[in-house]
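One structure is given here, and the rest of the page talks about it.
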Amino acid sequence: MDALMTFDESVYAAVRLIPRGRVATYGQIALLCGNPRASRAVGWALRRNPAPGTEIPCHRVVNREGRLAPAFAFGGPGAQRDLLEAEGVPFFADGRVDLKRCVWYGPEESGSV
DNA sequence: GGCCTGACATTAG
DNA sequence: ACTAATGCCAGGC
């Protein structure tokens, strides 16, 4: 799949598929991209974030710990938390999201098992 | 072409 | 449980 779609493009597509009130980990995005080890490249793509809070809800992308990445990319720390909370994403007092409750199971989740 | 960097993940101690 | 080091991929110079 490296014909016309670059890795970052695939990342944007995957992140774009994340439903509201749900979060995905870099590893998942990387997996959807075809490279389960490209979690870093995913961060790279998001870091470029062409459309933050618009088409690429990077705030829904968290790391393995359920911790949010540098939220400053959204306008300020806490802003991301507010966004996720507004979407129905439970947060811990530590400032982490409850992955057990809002982890995204992938595009398959949209259809049926 | 090679080297370095980066919003992660994983394994080992 | 925590910290440290390594591996992975893509982009930038």
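Reminder, nothing fancy here: chain letters follow the sequence lines and each chain counts from 1.
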Taking the side chain as every heavy atom from C-beta outward, state whether A:Leu84 and A:His59 have any atom pair closer than 4.5 Å. yes
Between A:Phe7 and A:Ser39, just flag the one whose closest nucleotide in DNA chain C comes earlier from the 5' side. A:Ser39
Just the endpoints, please: which first and last nucleotides of DNA chain C, 5' to 3', lie under 4.0 Å from a heavy atom of chain A? C:dG7 to C:dG12
Per the side chain to side chain contact (heavy atoms under 4.5 Å, CB included) rule, which among A:Leu68, A:Val11, A:Leu46 passes with A:Cys58? A:Leu46
Give the rounded distance in Å between these two atoms: CG of A:Asp8 and P of B:dC8. 17 Å
Quick one: are A:Asp94 and A:Arg96 in side-chain contact, heavy atoms under 4.5 Å? yes
Student check: side-chain heavy atoms of A:Ser10 and A:Leu32 closer than 4.5 Å: no
Rounded to whole Å, please give me the gap between CG in A:Leu31 and C1' in B:dA9. 13 Å
Check whether any side-chain heavy atom of A:Val61 sits under 4.5 Å from a side-chain heavy atom of A:Tyr26, and report yes or no. yes
Length of the CG-P vector between A:Leu68 and B:dC8, whole Å: 12 Å
Residue pair A:Val97 / A:Pro90, side-chain heavy-atom distance below 4.5 Å: no
Using a strict 4.0 Å threshold on nitrogen-to-oxygen distance, state whether A:Arg60 and A:Glu87 make a salt bridge. yes
Is the closest side-chain heavy-atom distance between A:Leu17 and A:Trp104 below 4.5 Å? yes
Does the B:dA9 base have a donor-acceptor partner in the side chain of A:Tyr26 within less than 3.5 Å? no
Within the sub-3.5 Å range, which N or O atoms of nucleotides 4-6 of chain B have a protein N or O partner, and how far apart are they?
| unit_1 | atom_1 | unit_2 | atom_2 | d |
| --- | --- | --- | --- | --- |
| B:dG6 | N3 | A:Trp44 | NE1 | 3.0 |

